[in-house]
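See below for the structure under consideration.
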Amino acid sequence: MGNNKQSTVPPLLKQGRNGKKNISNLKFILLTVYTVAGFALAILVNLLFRQIANVKITAYAFGSLIIDINGAYRLVLGLLILMYLGISVYSFFNADRRVKFAKRVPFRFAIGSALALWDILGTKLLLLPQPFFPGPSRIIEAFLMEGDYIWQNTLYSLRLFAVGFLLGVLFGVGTGILIGWFPKVHYWLYPVLKITGVIPAVAWMPFALTLFSTPFWAAAFLIVICAWFSIASLTAQGIKSTPKSQFEVARTLGAKTPFLVFHVAIPHAIPQIFTGISNANSFAFTTLVMAEMMGQPGGLGYYINASKVWSAYYKVFAAIIVMAVLFSLIMEGIGLIQNRVLRWQKGLVKSSEQ
């Protein structure tokens, strides 16, 4: 009987002689066109689809340029097209980057098509419930109206997140090493870690406001608590799972306890440490927004809460977009650091595949 399994390789990819997937120049150009076609469609819809619903199209001064909300929306779409064209040119000269670019092509086209449909339903026809689901051009208006204010709140959130998350990483890794290496520390501290780990970080808010003199440090404490549990738990697991044979070899060569900890146990635990950091980043970002909604003088969470009070949901969506971009950039940064620190693993993976 023949092999009935279907290939998971996309139809525009082909297998090269060295076992890698390759994309021809023509096919890559077609993929690039496919990538930007969705955003080009969104621009055409905004230009050609007649405005039927009674929506106020306001113009704003953007530097020396006077632009209305539809023009600003089309400008953003144009910048997205230029961005993906730039990524395409960068990927064109490397086979691996071509494959990586090709994997997300259908998703990008779907995003552009969804924006076109959203523009029709949320702006042109106004069929979506208002003011809860404004059109994309209306969301862009928030940046035209309060760009500086959104930027100030973004900087506040970044400062709060950086302080809380970095302290959480330091305490989490340090605690995890102690728990994983010293049995007595594990006996006394690990139960505390398990108990506090199941408690939502926001539940500590009354205690944080009592213990710390400013709302900023109270919120930073919540982020530390949130990040600490995940990082400490996985760090301890990584330390404890270090094979005894590695310690025996190091001791045979005369290694002392500090060398065993910093040159054997910790390097072995680094993959688990980064897994804990990635998990903690998601929880810490959520805690950041919730803490800013509960008494902070600034931040994106504060901006969302203030906008919601006035039913300015287009501003809420604008803040959500900024938060999504920030979170993606932070995750990308963690991934780059992880790939840099664990670059030695690539050689092991390649050798095992050969």
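Pairing each heavy atom of Ala269 with each of Gly238, the nearest pair is CB-C, 3.5 Å. The shortest heavy-atom contact between Pro215 and Pro297 is CB-CD, 4.5 Å. Between Ser230 and Gly276, the shortest heavy-atom distance links the atoms OG-O, 3.3 Å. Minimum interatomic distance between Val163 and Ala220 (heavy atoms only, all atoms of both residues): CG1-CB, 4.3 Å. What you find for Ala208 and Phe221 is that their closest heavy atoms are CB-CD2, 3.7 Å. Across all their heavy atoms, Gly135 and Thr123 have their closest contact at CA-OG1, 3.3 Å.
For the pair Arg159 and Phe216, the cation-pi criterion (under 6.0 Å, within 45° of the ring axis) is fulfilled. For the pair Arg98 and Phe92, the cation sits on the ring face: its NZ or CZ lies under 6.0 Å from the ring centre, inside 45° of the axis.
The shortest distance between side-chain heavy atoms of Ile43 and Ile81 falls below 4.5 Å. Phe101 is listed as a side-chain neighbour of Phe28, based on a closest heavy-atom distance under 4.5 Å. By the 4.5 Å heavy-atom criterion applied to side chains, Ile69 and Tyr60 are counted as neighbours. Side chains of Val322 and Phe317 form no contact here, defined as non-hydrogen atoms less than 4.5 Å apart. Looking at Asn279 and Leu234, their side chains come closer than 4.5 Å, going by heavy atoms from C-beta outward. Looking at Val264 and Thr242, their side chains come closer than 4.5 Å, going by heavy atoms from C-beta outward. For the pair Val36/Leu80, no side-chain contact is recorded, criterion being any heavy-atom separation below 4.5 Å from C-beta on. Within the 4.5 Å cutoff, side-chain heavy atoms of His268 are placed close to those of Pro243.
By the 6.0 Å contact criterion, CZ on Arg104 is open, its count of non-hydrogen atoms from other residues, nucleotides or ligands being 12 or less. For Tyr90, the OH atom is loosely surrounded, since the number of other residues' heavy atoms within 6.0 Å does not exceed 12. For CZ of Phe247, the number of neighbouring non-hydrogen atoms (other residues, nucleotides, ligands) closer than 6.0 Å is greater than 12.
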Take Phe161 and Asn281 through the test side-chain contact (heavy atoms from CB on, under 4.5 Å) and record every step on the way to the result.
-> CA-CA 10 Å; Phe161 180 82; Asn281 179 50; 3.0 Å; yes
Between Trp118 and Ile139, is a side-chain contact (heavy atoms from CB on, under 4.5 Å) present by the stated rule, with each step listed?
-> CA-CA 12 Å; Trp118 186 10; Ile139 295 173; 3.3 Å; yes
Stepwise side-chain contact (heavy atoms from CB on, under 4.5 Å) check, Phe229 with Phe283 | CA-CA 10 Å; Phe229 170 74; Phe283 297 127; over 6 Å; no
Walk me through it: do Thr35 and Ser88 pass the test side-chain contact (heavy atoms from CB on, under 4.5 Å)?
-> CA-CA 9 Å; Thr35 288; Ser88 173; over 6 Å; no
May I have the step-by-step check of ring pair (Phe, Tyr, Trp, His ring centres under 6.0 Å) for Phe39 and Phe109, ending in yes or no?
-> CA-CA 7 Å; Phe39 300 106; Phe109 179 81; 9.1 Å; no
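Within the structure, salt bridge (charged side-chain N to carboxylate O under 4.0 Å, His left out) contacts touching residues 127-153 (residues at least two apart or in different chains) are Arg138-Glu141, Glu146-Lys315. Within the structure, the ring-ring contact (aromatic ring centres under 6.0 Å, His included) test picks out the following pairs touching residues 134-154 (sequence neighbours left out): Tyr149-Tyr303.
Checked against side-chain hydrogen bond (donor to acceptor under 3.5 Å, both in side chains), Arg74 has the following partners two or more places apart in sequence or in another chain: Asn46. Taking Glu292 as the reference, nothing meets the salt bridge (charged side-chain N to carboxylate O under 4.0 Å, His left out) condition, with sequence neighbours excluded.
Hydrophobic clustering (ILVMFWY, side-chain heavy atoms < 4.5 Å, transitive): Leu336 and Phe274 are in distinct clusters. Placement of Val89 and Leu31 within a single hydrophobic cluster is found when ILVMFWY residues are connected by side-chain heavy-atom separations under 4.5 Å, directly or transitively. Phe49 is connected to Leu117 through a chain of hydrophobic side-chain contacts under 4.5 Å among Ile, Leu, Val, Met, Phe, Trp and Tyr, so both are in one cluster. Both Phe207 and Leu193 are members of a single hydrophobic cluster when ILVMFWY side chains are connected at heavy-atom separations under 4.5 Å. Under the 4.5 Å side-chain contact rule for hydrophobic residues, Tyr73 and Ile320 share a cluster.
Among Met323, Met290, Met331, the one residue that satisfies the side-chain contact (heavy atoms from CB on, under 4.5 Å) test with Phe285 is Met323.
For the atom pair CE of Met293 and CD1 of Ile304, the computed distance is 4.5 Å after rounding to the nearest 0.5 Å. With rounding to the nearest 0.5 angstrom, the CG atom of Leu79 is 12.5 Å from the OH atom of Tyr84. Note that OH of Tyr302 and OG of Ser307 are 9.5 Å apart. Values are rounded to the nearest 0.5 Å. Taking CD of Gln296 as the start and CG of Asn305 as the end, the distance is 12.0 Å to the nearest 0.5 Å. Between the CG atom of Leu41 and the CG atom of Leu48 there is a distance of 10.0 Å, given to the nearest 0.5 Å. For the atom pair CD1 (Ile23) and OG (Ser91), the distance works out to 9.5 Å, reported to the nearest 0.5 Å.
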N/O donor-acceptor pairs under 3.5 Å from side chains in residues 171-187, not counting sequence neighbours:
residue	atom	partner	partner atom	Å
Thr175	OG1	Phe171	O	2.7
Thr175	OG1	Trp228	NE1	3.1

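Side chain of Asn153 to backbone of Gly299: a donor-acceptor contact under 3.5 angstrom is found. Counting only distance, with no hydrogens or angles, the side chain of Gln51 and the backbone of Ala53 share a donor-acceptor pair below 3.5 Å. Between the Gln338 side chain and the Val341 main chain, no donor and acceptor come within less than 3.5 Å of each other.
Annotation for Val309: hydrophobic cluster partners, listed by chain and number, are Trp310 (ILVMFWY side-chain heavy atoms under 4.5 Å, direct or chained).
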